[in-house]
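Taking it in order: structure first as structure tokens, then the write-up.
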Amino acid sequence: MTSAILHVDMDAFFASVEMARHPELRHRPVIVGGLGPRGVVSAANYAARAFGVHSALPMAIARRRCPRGAYLQPDGAEYRRVSKAVMRIFRDVTPLVEPLSVDEAFLDVTGARRLFGEPVAIARSIRERVAAEHGITCTVGVAQTKFIAKLASTKAKPDGLLVIEPDGVLDFLHPLPVSDLWGVGERTAASLARLGLHTVGDVAALPVARLKAAVGQAAALHLHELASGRDARAVTPHREEKSIGAEVTFDVDVSDPAVLRKALLELSDKVAGRARRAGYAGRTVAVKIRFGDFRTISRSRTVHEPVDVARDLFTMAHALVTENAEGHPLRLVGVRLEGLVESDRLARQPALGEPEHGWRQAETTVDGLRERFGSKAVRPASLLDPAPGDL
DNA sequence: TCTGGGGTCCTAGGACCC
DNA sequence: TCTGGGGTCCTAGGACCC
């Protein structure tokens, strides 16, 4: 039996969720994104796209192009809630669901056919249920492999369904521009253009060795496979998390050490909390620093004892930032925990003669309070106004 | 026009070990 | 005295995706 893979993609997801819960927005351009001075568009419905508004566009430009649009701040909690409910619909069909992000997933329905019928019938019923239960539309691509299924859904957007039969793959694939290949962005497309490669068919026809010279070993092999219509990757329901991080872009560049310190404390608190909730600790602490001129660097430090306590994370992150950014106005700072290990498998042994510092216990208690009373209920003392206490 | 926030993966160089 | 090759870990940067 040949395999059958679905790629399901919510249409303009954040904007669609907002329209579903605010029906008065139905017939207006809806733009969801950061409302601050440096915000960008996260999602735009199709009415807004007609004005040239799209994801990643600076909000300032969006407002100029579409002055009468409805502009909304993203509500991540609501989008996650709808996302979970939609993923449950998928899991009613098959346990082989691989979420790619909050708004799209692969489904391997090879084994679901006996129960639910042909893939196209499964795709239709998923689209109907999502619309009926959540008031939003999605697009489904159906094919034998992940990449072709994803490409099919991209081409069928919005509110569509497209099946690519195995014997139709190359006719569908080869005329498309190289930028449709997964992993080809602006830079790689430019490299390929220098070799005279413009379509997917051009890439498929080129010997891999020549491709390697242009884009490197791994990318060359990957692109050549995809361009030839081959994609052996399985749908993988559970993927290990590799890192947990948070970052913030300031409304105006920050030079004040106290403001920077407070931001790092908040980020550390957020990241450590998420790590503990997920049952992880990390051996590598990484910071990201973006200067006023947009130059961006990253610095990291690996330690022997994995970290999941905000106090420790903050101490390391703050040191990394001050060592590398002292005196420069900063546009952005970020904190990330890498090299994750499951924290229940950790043998914690306080160093000899060193009293267990107790922060972990304190923060675990705080986790419990936040669980019961909300995330704003308990905050580090130095996040409270006025002015920071000493540390 | 002026560039978010969450991630993943790859490359390359250097340290260190065998 | 000059010079090896492979493997692993760490760090930094960059491309890419949604």
Side-chain angles (χ1 to χ4, degrees), chain A residues 7-15 31-44 52-66 73-74 76 79-80 83 98-106 146-147 150 153-154 157 178-192 212 214-223 233 236 239-251 253 267 270-271 274 278 283-304 320 324 331-340:
Chain A
H7 179 258
V8 187
D9 202 346
M10 304 297 130
D11 302 320
F13 184 53
F14 298 177
I31 297 104
V32 180
L35 299 186
R38 290 172 167 174
V40 302
V41 175
S42 293
V53 175
H54 55 81
S55 296
L57 187 76
M59 289 289 260
I61 300 171
R63 285 185 192 278
R64 234 165 290 150
R65 292 189 185 172
C66 187
Q73 183 80 26
Y79 309 148
R80 278 192 295 276
S83 175
E98 177 179 338
L100 281 184
S101 68
V102 73
D103 70 340
E104 62 179 304
F106 285 115
K146 280 183 163 183
F147 175 56
K150 181 165 167 70
S153 73
T154 304
K157 274 186 159 300
V178 288
S179 55
D180 278 352
L181 287 168
W182 209 353
V184 176
E186 210 180 335
R187 297 307 185 95
T188 307
S191 300
L192 295 174
K212 278 184 191 172
V215 301
Q217 166 97 0
L221 295 174
H222 171 73
L223 292 184
R233 297 169 303 166
T236 314
R239 298 203 353 218
E240 286 284 292
E241 278 181 280
K242 302 283 169 57
S243 69
I244 297 173
E247 62 189 50
V248 61
T249 294
F250 302 113
D251 287 350
D253 295 349
L267 292 170
K270 194 195 253 186
V271 171
R274 280 174 49 202
R283 285 194 54 224
T284 301
V285 172
V287 297
K288 175 165 156 185
I289 300 165
R290 174 121 74 208
F291 298 100
D293 64 3
F294 222 76
R295 189 171 62 91
T296 306
I297 63 172
S298 55
R299 292 292 180 267
S300 65
R301 192 161 293 166
T302 300
V303 293
H304 211 76
L320 285 168
N324 292 282
R331 180 187 180 95
L332 168 154
V333 288
V335 175
R336 181 165 294 277
L337 215 40
E338 302 171 350
L340 301 182

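Letters go in sequence order (proteins before strands), and every chain restarts at 1.
- Note on A:V248: only backbone sugar-phosphate atoms sit closer than 4.0 angstrom, heavy atoms only; bases stay farther off.
- Nucleic acid contact class of A:K150 (heavy atoms, under 4.0 Å, all strands): sugar-phosphate only.
- Summarising the geometry, atom CD belonging to A:E98 is positioned 5.0 Å from atom CZ belonging to A:R239; distances are rounded to the nearest 0.5 Å.
- Residue A:D11 contributes atom CG, which lies 14 Å from atom C1' of C:dC18 at whole-angstrom precision.
- The shortest non-hydrogen separation linking A:A15 to A:A44 is CB-C, 4.2 Å.
- Counting non-hydrogen atoms of neighbouring residues, nucleotides and ligands closer than 6.0 angstrom, the CZ atom of A:R187 reaches no more than 12 such neighbours.
- Of the nucleotides present, C:dC17 is the one that pairs with B:dG6 by Watson-Crick or G-U wobble criteria, both distances under 3.5 Å.
- Between A:L223 atom CG and B:dC9 atom C1' there is a gap of 13 Å when expressed in whole angstrom units.
- One interatomic measurement links the two molecules: NE2 of A:H304 to C1' of C:dC10, which rounds to 14 Å at whole-angstrom precision.
- Within 4.0 Å of A:A218, counting heavy atoms only, lie sugar-phosphate atoms of the nucleic acid but no base atom.
- Look at A:R299 and you won't find any side-chain N or O under 4.0 angstrom from OP1 or OP2 of C:dT11.
- Contact detail for A:A246 and A:K270: the closest heavy-atom pair is CB-CD, 3.7 Å.
- In this structure, A:G183 reaches the sugar-phosphate backbone alone: every heavy-atom distance under 4.0 Å involves primed, P, OP1 or OP2 atoms, never a base.
- At least one side-chain nitrogen or oxygen of A:R331 sits closer than 4.0 Å to the OP1 or OP2 atom of B:dT3.
- Each of A:T296 and A:R283 has a nearest nucleotide on DNA chain C; the 5'-most of these lies closest to A:R283.
- At C:dC16, one or more side-chain N or O atoms of A:T188 fall inside 4.0 Å of OP1 or OP2 (strictly under the cut-off).
- Here the C1' atom of nucleotide C:dG13 and the CD atom of A:E338 are 12 Å apart, to the nearest Å.
- A salt bridge links A:D253 with A:R38; the closest basic N to acidic carboxylate O contact falls under 4.0 Å.
- The shortest non-hydrogen separation linking A:D9 to A:S153 is CB-OG, 4.3 Å.
- Here the C1' atom of nucleotide B:dG6 and the CG atom of A:L337 are 15 Å apart, to the nearest Å.
- Straight-line distance from the CZ atom of A:R38 to the P atom of B:dT1: 17 Å, rounded to whole Å.
- Between A:T302 and C:dT11 there is a side-chain polar atom (N or O) within less than 4.0 angstrom of OP1 or OP2.
- Taking only side-chain nitrogens and oxygens, A:S300 never comes nearer than 4.0 Å to OP1 or OP2 of C:dC10.
- Considering only side-chain N and O atoms, A:R301 lies nowhere under 4.0 angstrom from the phosphate OP1 or OP2 of C:dC10.
- Residue A:K242 has no polar side-chain atom (N or O) positioned under 4.0 Å from OP1 or OP2 of B:dG6.
- Going from the C1' atom of C:dG4 to that of B:dC16 covers 16 Å, rounded to whole Å.
- In this model, the phosphate group of C:dA15 is approached by a side-chain N or O of A:R187 to a distance below 4.0 Å at OP1 or OP2.
- Toward the 5′ end of DNA chain B lies the nearest nucleotide of A:I61, the other residue of the pair A:I244 and A:I61 mapping further downstream.
- Atom pair A:L340:CG and B:dG6:P shows a separation of 15 Å (rounding to whole Å applied).
- A:A286 comes within contact range of no nucleotide atom at all, as no heavy-atom separation falls under 4.0 Å.
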